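Every chain is numbered from 1, with letters handed out A, B, ... down the list of sequences. As the structure is a prediction and not an experimental result, all values here were calculated from the model.
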Number of protein chains: 2
Amino acid sequence: MAKAARATRRPGRPRREPAQPDPDRRAQLCSAALDLFARDGFARVSIKQIAAGAGVDPALIYYYFAGKEDLFAAAVGHAVENGYAMFARLAGDGDDPVMTIAAWLDAQEGPGSTIPKMARLGLDYRRSGAAIPAVDDALRRFYDEERRMLLRAVRTGLARGLFRDVAPGPFARFVSTYLDGVLVRTVILDEDGPAAVDRFRVEVWRRLGLQKPPRRRKFIAD
Amino acid sequence: MAKAARATRRPGRPRREPAQPDPDRRAQLCSAALDLFARDGFARVSIKQIAAGAGVDPALIYYYFAGKEDLFAAAVGHAVENGYAMFARLAGDGDDPVMTIAAWLDAQEGPGSTIPKMARLGLDYRRSGAAIPAVDDALRRFYDEERRMLLRAVRTGLARGLFRDVAPGPFARFVSTYLDGVLVRTVILDEDGPAAVDRFRVEVWRRLGLQKPPRRRKFIAD
DNA sequence: GTCTATATGCAGATAGAC
DNA sequence: GTCTATCTGCATATAGAC
């Protein structure tokens with residue numbers, strides 16, 4: 001730590017992170033790291049594994065990142081970007097609140113989806129005891145954005161008279177929380193995640209005063 | 001298991017696990033390990049930490065257990081024993097289904113409670129990719145027993161005409177799943193767990209057709 | 001930018017004294 | 001039973017060649 005004043009950014013000597021070597025490679029490493037971190041947890045994943053997953057040498061990781069923690073933070077940031085793009089796609093999908101909510105429910109499952117990945121990353125990170133401001137921010141922003149998208153869909157549906165009267169805030173919280181519970185049961189008890197989401201979809205539709213939920217969409221949100 | 005004819009258990013030479021040195025110490029080690037595994041996860045906890053937590057030398061762990069995994073399995077088994085005792089206490093508590101369910105809800109929060117501990121252990125274990133039959137069985141038995149206790153309480157309440165008509169199976173699953181979701185939100189978003197449980201209690205009481213939920217009990221189930 | 005070679009440290013595990 | 005001393009291996013991380 002160069003005490004502060006000016007010393008933090010010497011022009012001539014490029015520092016580890018600020019230099020922009022190969023953005024594609026960086027993204028590739030983030031993506032490989034993200035998959036492994038989300039699946040096995042920070043402590044169980046080695047730099048070697050991540051490098052192997054990306055098809056490069058372990059030492060290269062240290063060219064792009066200051067260390068394992070820095071890579072983790074970057075991977076979480078990468079996931080948040082994915083999430084933002086997904087939420088935008090869901091919300092903009094014809095601006096139909098019913099379809100938005102249906103597509104969001106469909107995005108809850110499958111190991112490739114960003115939503116369960118973020119939940120796993122977040123659980124693991126919180127339990128690590130580590131405090132990385134960039135990760136704290138990223139997690140908060142992700143869940144804030146998800147909530148905003150949901151609230152907007154519910155309010156739009158209410159305004160158009162599509163939904164029975166529900167309180168958007170509590171409703172959004174209820175639905176999000178339940179789906180996190182589904183994730184837990186799926187992991188711990190090896191239950192059928194998609195089936196659990198399907199059952200819940202019926203409950204959600206009932207609460208919104210809608211008819212039978214639409215057939216499961218083929219559309220992969222993520 | 002002494003399945004294999006005789007070879008597994010030579011009488012003269014005491015093997016690592018079958019010997020029964022000091023049951024109290026063994027339980028103490030399980031308990032210390034349980035707390036740490038549940039809090040930080042298997043991979044982040046070192047034998048050294050566990051020994052320090054129990055106030056003994058790390059080498060002693062290997063006198064009582066065959067290794068870290070064996071200790072983990074024993075700790076999970078220990079937690080299941082705690083859980084059984086707790087469920088029995090909840091169910092036998094005056095045989096009042098309303099109080100049983102209320103006490104069970106109260107037991108959902110607090111890091112000392114076995115229920116969230118089991119959830120954390122289970123999540124961590126499943127993600128580790130390890131396959132330890134003893135742990136698989138223990139997890140299944142814990143959740144089976146919890147479910148049995150819940151179902152019994154609901155059915156008793158229905159039989160006595162205390163509850164509005166609900167389907168016991170789906171209801172039990174719904175409540176358990178939601179509470180797992182509360183755990184996740186509590187950990188990831190640092191939400192107020194007890195407050196979330198209190199809110200949910202209102203919803204549960206409404207579904208059961210009961211009046212205002214009772215005040216939070218002082219009784220610590222665990 | 002990417003790799004080879006290597007330093008360093010710590011965690012799991014064992015042998016053996018007491 | 002419990003501890004001291006120690007071995008082993010792997011993971012993070014760096015130095016430097018290409």
> Just the rounded figure in Å: distance from C1' of C:dG1 to CD of A:Gln28.
13 Å

> Return yes when atom CZ of A:Arg39 has more than 12 non-hydrogen atoms of other residues, nucleotides or ligands closer than 6.0 Å, and no otherwise.
no

> Check the distance between C:dA5's P and A:Leu60's CG and give it to me in whole angstrom.
17 Å

> Nearest 0.5 Å, please: how far is CZ in B:Arg185 from CG in B:Leu183?
12.0 Å

> Kindly say whether the aromatic ring centers of B:Tyr125 and B:Phe42 come within a distance under 6.0 Å.
no

> For the atom pair CD (A:Glu145) and CZ (A:Arg148), what is the distance rounded to the nearest 0.5 Å?
4.5 Å

> Between A:Arg44 and D:dA11, is there a side-chain N or O to OP1/OP2 distance below 4.0 Å?
no

> Can you tell me how far P of C:dC3 sits from CD1 of A:Ile61, to the nearest Å?
11 Å

> Given D:dA13, is OP1 or OP2 found less than 4.0 Å from the side-chain N or O atoms of A:Tyr62?
yes

> Measure the distance from OH on B:Tyr63 to P on D:dG1 and round it to the nearest whole Å.
5 Å

> Mind checking if B:Ile47 touches a base, just sugar-phosphate, or nothing, with heavy atoms under 4.0 Å?
sugar-phosphate

> Can you tell whether the side chains of B:Asp137 and B:Arg140 come within less than 4.0 Å, N to carboxylate O?
yes

> Find the distance B:Phe37:CZ to C:dA11:P and express it as a whole number of Å.
13 Å

> Of all the choices, D:dT12, D:dG1, C:dT2, which nucleotide is nearest to the side chain of B:Pro21 once you look at every atom?
D:dG1

> Let's see if you can work this out: which of C:dG1, D:dA15, C:dG12 has an atom nearest to the side-chain heavy atoms of A:Ala59?
D:dA15

> Taking CG from A:Asp57 and P from D:dA17, how many angstroms apart are they, rounded to a whole number?
17 Å

> Between A:Arg26 and C:dG1, is there a contact of a side-chain N or O with OP1 or OP2 at under 4.0 Å?
no

> What's the CG-P distance between B:Asp22 and D:dC3, to the nearest Å?
12 Å

> Please report the distance, rounded to the nearest Å, between CG in A:Asp70 and C1' in D:dT12.
14 Å

